[in-house]
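Working notes, beginning with the structure itself.
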Amino acid sequence: MIVLDVIYARGTPDMAAPILAAVEKGSPVVFAEALRQPADGDGSARRLRSFPFRTWRAEPAGLINIDVDADGVHRSYTLLRAGERDAEPALALAAYLALRGMDWESEVRKPRPGVIEWKEDGAGAVCEIAEPAQAARLLNFRGPWITGAGFFHLSLRTLRELHAAAANGQPLAGKVVFIGNTATGIADLGSTSFGPNQPHVLLHATALNDLLQNAALRRTGRAGDALALLAVPLLLAAAGWCRGKRWLLLLWAAGIAGILALGLALIFRCGWVPATATTAALWTAAVIVELGRRHTLELAERQRIRSTMGLYFSPRVLDDVLENPGRLEPRQVEITALMTDLRNSTPLAEMLGADGMLALLNRVFAVETRAVFAEEGSLENPVGDQFLAYWGAPEPQPDAADRALRAACALIEGMRQLEATFEPRVRELFGYGVALHAGSALMGNIGSEQFFHYGLVGDLINATARVESLTKHYGVLLILTREAHAKLSAPPPARVLDRVIVKGRSTALELLEVPHPCSPVGFPEMAAHYAEAFALYQRGAFAEAATRFGVLAAADRPSALLAERCRAFAASPPADWTGIYRLDAK
């Protein structure tokens, strides 16, 4: 049988004569007809027949009008189309009926609008097809046109060669042949699921094959789509067992593979087309939302941990701990350390009690912490009433000494304001000292793999503690070592208080005092006179030095201390004097 998917709109009777002659002799041919709407949209549809120049209608015939999806792709085919007065068969249905030897007008019944039925092989076969808007069947394409999958695609030249080679002259006996225009420039082409530029004759041939094989595809409908979409919450519930993002991504990939596998199985085995793309997209969106939820929770948890740990670590140390958790190997760092310690802490604790002393310490630590954090310093955990801060670690700070000195001055100013709020009996006992020292120390996690403390160790810390204790000995608030003073970018005026070897050390420390918020008004002049007396003391002129220090002793505690020492040395000069005094007490 031949299905002629051609409208001879530009043809002539002479061109069509061989075909018409064959039809008159009884050749099985199904003709194409089309309904064309007027260009202005008014009036009835105009019918185009296979041979527009003939007045009679060729039988059998079917409409070649084909609907297209919203995206311009042909995926479905309507077997029963709305004609001028009643429903008419599409070309594929007309070809099927002709192949079965049935006449549309006499053997096909129309029990109600949109439904046709006929008897086939003695059995009643009812085909219920709704109006065109609801009747589209999904075409079960066998492959793209260019590959020839599922159909034989023959050009006229190939057809002649087959005819010449056939022994009986009928190489296509038992076949259904669709004839359409596929030549460049006059092709009747459109897009299908397999790609663009697919001949429309392929749609009619596929629809006929679906009828013969009962292989048309069907959508699963709302109920089937609902069941498919219900799989998404089930898969998402399984995601609760995936603790890591990696396992969740693997579950997503498995879910996508399962959805695609099920979709393909339904298509190839049952002819049902589920909402595979929608389900896969929804599953992907659900996984993305779950990943976003987990990421948000992780960020919130990290922020909570960071906020909690921030109560126990200074900001710069916290960054280093979070970046290098569990690192036990210490590393050498160059720092400037600041240490303070309260005076008379034992009598204060007896006077205030445990709660009162704790409240006092918290107020003191608040002042010290504000001063240090304002200069981006780091803190060690307080030990009793001792407070240790440092600059230059865990990350280097070129201006560490400058920051430390500014923090020390801010601390002294804050302590002065805090002291003004104390009751007289507390103010009478309250006191403290501040020391600055610079050098190398070891930094890292100190302890075992089960428990450790992140901090500093080394002789530098011990030396800073010794210098801080000397603030009480010399009666000053702030002492810098020469090492810390030398690292200042713009050193302020300073006086050398003393050169000493503290208990437990073999090397000397040069102790300096610089102006601070609580320094006396005449500090520069006093420092100059002190320097003159200290030079005499260094040369061993103890008697003269004692006199010079004595002039300053009434208003300056270090001068009084040095005057007393010089008088003792004048009475009993030390052997091998080098200008360095050894302190036996801490």
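Side-chain atoms are counted along with the backbone in the values below, which use heavy atoms only and exclude waters and symmetry mates.
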*Please lay out, stage by stage, how Thr284 and Ile256 fare under the test side-chain contact (heavy atoms from CB on, under 4.5 Å).*
CA-CA 8 Å; Thr284 301; Ile256 292 294; 3.6 Å; yes
Under the 3.5 angstrom rule, does the side chain of [X] hit a backbone N or O of [Y] as a donor-acceptor pair?
{"X": "Asp103", "Y": "Glu105", "value": "yes"}
{"X": "Gln397", "Y": "Glu376", "value": "yes"}
{"X": "Ser50", "Y": "Ala32", "value": "yes"}
{"X": "Thr192", "Y": "Phe194", "value": "yes"}
{"X": "Arg331", "Y": "Pro394", "value": "yes"}
{"X": "Asp402", "Y": "Ser489", "value": "yes"}

For residues [X] and [Y], determine if any side-chain heavy atom of one lies less than 4.5 Å from a side-chain heavy atom of the other.
{"X": "Asp5", "Y": "Ile179", "result": "no"}
{"X": "Leu97", "Y": "Val108", "result": "yes"}
{"X": "Val3", "Y": "Val29", "result": "no"}
{"X": "Leu388", "Y": "Glu368", "result": "no"}
{"X": "Leu172", "Y": "Ile2", "result": "no"}
{"X": "Val30", "Y": "Leu4", "result": "no"}
{"X": "Arg49", "Y": "Phe31", "result": "no"}
{"X": "Trp391", "Y": "Val372", "result": "yes"}

Rounded to the nearest 0.5 Å, how far apart are [atom1] of [X] and [atom2] of [Y]?
{"X": "Glu380", "Y": "Leu456", "atom1": "CD", "atom2": "CG", "answer": "5.0 Å"}
{"X": "Ser378", "Y": "Leu338", "atom1": "OG", "atom2": "CG", "answer": "12.5 Å"}
{"X": "Lys487", "Y": "Glu334", "atom1": "NZ", "atom2": "CD", "answer": "5.5 Å"}
{"X": "Asn65", "Y": "His200", "atom1": "CG", "atom2": "NE2", "answer": "11.5 Å"}
{"X": "Tyr96", "Y": "Leu208", "atom1": "OH", "atom2": "CG", "answer": "9.0 Å"}
{"X": "Leu139", "Y": "Thr206", "atom1": "CG", "atom2": "OG1", "answer": "6.0 Å"}

Compare every heavy atom of [Y] with every heavy atom of [X], then report the nearest pair and how far apart it is.
{"X": "Ala61", "Y": "Pro89", "value": "O-CG, 4.2 Å"}
{"X": "Ile7", "Y": "Pro52", "value": "CG2-CG, 4.4 Å"}
{"X": "Ala400", "Y": "Gly392", "value": "CB-N, 4.0 Å"}
{"X": "Ile64", "Y": "Leu91", "value": "CG2-CD2, 3.7 Å"}
{"X": "Leu211", "Y": "Ala92", "value": "CD1-O, 4.1 Å"}
{"X": "Gly101", "Y": "Glu107", "value": "O-OE2, 3.5 Å"}

*Please work out whether the ring planes of His204 and Tyr77 are parallel, tilted or perpendicular, with thresholds of 30° and 60°.*
perpendicular
*Sequence neighbours excluded, which residues qualify as salt bridge (charged side-chain N to carboxylate O under 4.0 Å, His left out) partners of Arg406?*
Glu375
*If you measure from the Lys or Arg side-chain nitrogens to the Asp or Glu carboxylate oxygens, is any gap between Asp67 and Arg81 under 4.0 Å?*
yes
*Quick one: do Val68 and Val73 satisfy side-chain contact (heavy atoms from CB on, under 4.5 Å)? Show the steps, please.*
CA-CA 6 Å; Val68 66; Val73 178; 5.5 Å; no
*What residues form a side-chain hydrogen bond (donor to acceptor under 3.5 Å, both in side chains) with Asp14, not counting sequence neighbours?*
none
*Might you work through the side-chain contact (heavy atoms from CB on, under 4.5 Å) test for Tyr390 and Met443, ending with a clear yes or no?*
CA-CA 11 Å; Tyr390 54 92; Met443 184 175 204; 3.1 Å; yes
_Assess the residue pair Leu217 and Arg137 against the criterion (side-chain contact (heavy atoms from CB on, under 4.5 Å)); give the C-alpha distance rounded to whole Å, side-chain angles, the decisive distance to 0.1 Å, and a yes or no._
CA-CA 7 Å; Leu217 300 177; Arg137 296 185 174 191; over 6 Å; no
